[in-house]
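Below is one structure, written out as structure tokens, with a few remarks after it.
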Amino acid sequence: MLQIAATELEKEESRRETEKQSYLTEHCPPLHIPGSMAEVQELCQQLHAKINVAEEEKYDMEVKVQKSTKELEDMNQKLFDLRGKFKRPPLRRVRMSADAMLKALLGSKHKVCMDLRANLKQVKKEETEKERDLRDVGDWRKNIEEKSGMEGRKKMFESES
């Protein structure tokens, strides 16, 4: 069994080598360096043209790869949606006003001003009895300052008796 696998690997390797050689002979003809300057310049121009073609092919392949990866991501997202398992994205805190958010969502064509506080009712605060009592008592700091020192103690004794 191992001998059969080894022979198959050798055959595969020799087949790859022959394919490589045939590709190189087809796409890369043997290089001959000419003797005159004009011929060298013409050769350089031909090489630059081939490089440009290769770069265009490379760019096209990259675009195809990007397109296919985007399609794969979309398919994966649809798959998650169908399964019902949602992957929560990490959220970032964004400091943005409501006007800026609407402008970002609707675009610069729509001029929407959204003042949330303008539509609120003015509510007068009713004073409760506790608040009145606290206000009448006054600030506790003043009482402490008055009672501090000897004069304050005198007042305390005088008021008690």
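Residue indices begin at 1 and follow the sequence shown. Atoms considered below: every heavy atom in the structure, side chains included; atoms not considered: hydrogens, waters and symmetry mates.
- Counting only residues at least two apart or in different chains, salt bridge (Lys or Arg N to Asp or Glu O under 4.0 Å) contacts with residues 20-39 are absent.
- Q3 meets the side chain to side chain contact (heavy atoms under 4.5 Å, CB included) test with no other residue; sequence neighbours excluded.
- Taken to the nearest 0.5 Å, the CE atom of M75 stands 10.5 Å off from the CG atom of L82.
- Taken to the nearest 0.5 Å, the NE2 atom of H48 stands 10.0 Å off from the CG atom of L43.
- To the nearest 0.5 Å, the span separating CG on L2 from OG1 on T7 amounts to 10.5 Å.
- Looking at heavy atoms from C-beta onward, Q77 lies out of side-chain contact with E73 at the 4.5 angstrom threshold.
- Note: T69 OG1 to D74 CG = 9.5 Å, rounded to the nearest 0.5 Å.
- The CZ atom of R83 sits 4.0 Å away from atom CG of L79, with the distance rounded to the nearest 0.5 Å.
- Within 6.0 Å of atom CD in E19, more than 12 heavy atoms from other residues, nucleotides or ligands are found, so the atom counts as buried in its surroundings.
- Atom CD in Q21 sits 15.0 Å away from atom CZ in R16 (nearest 0.5 Å).
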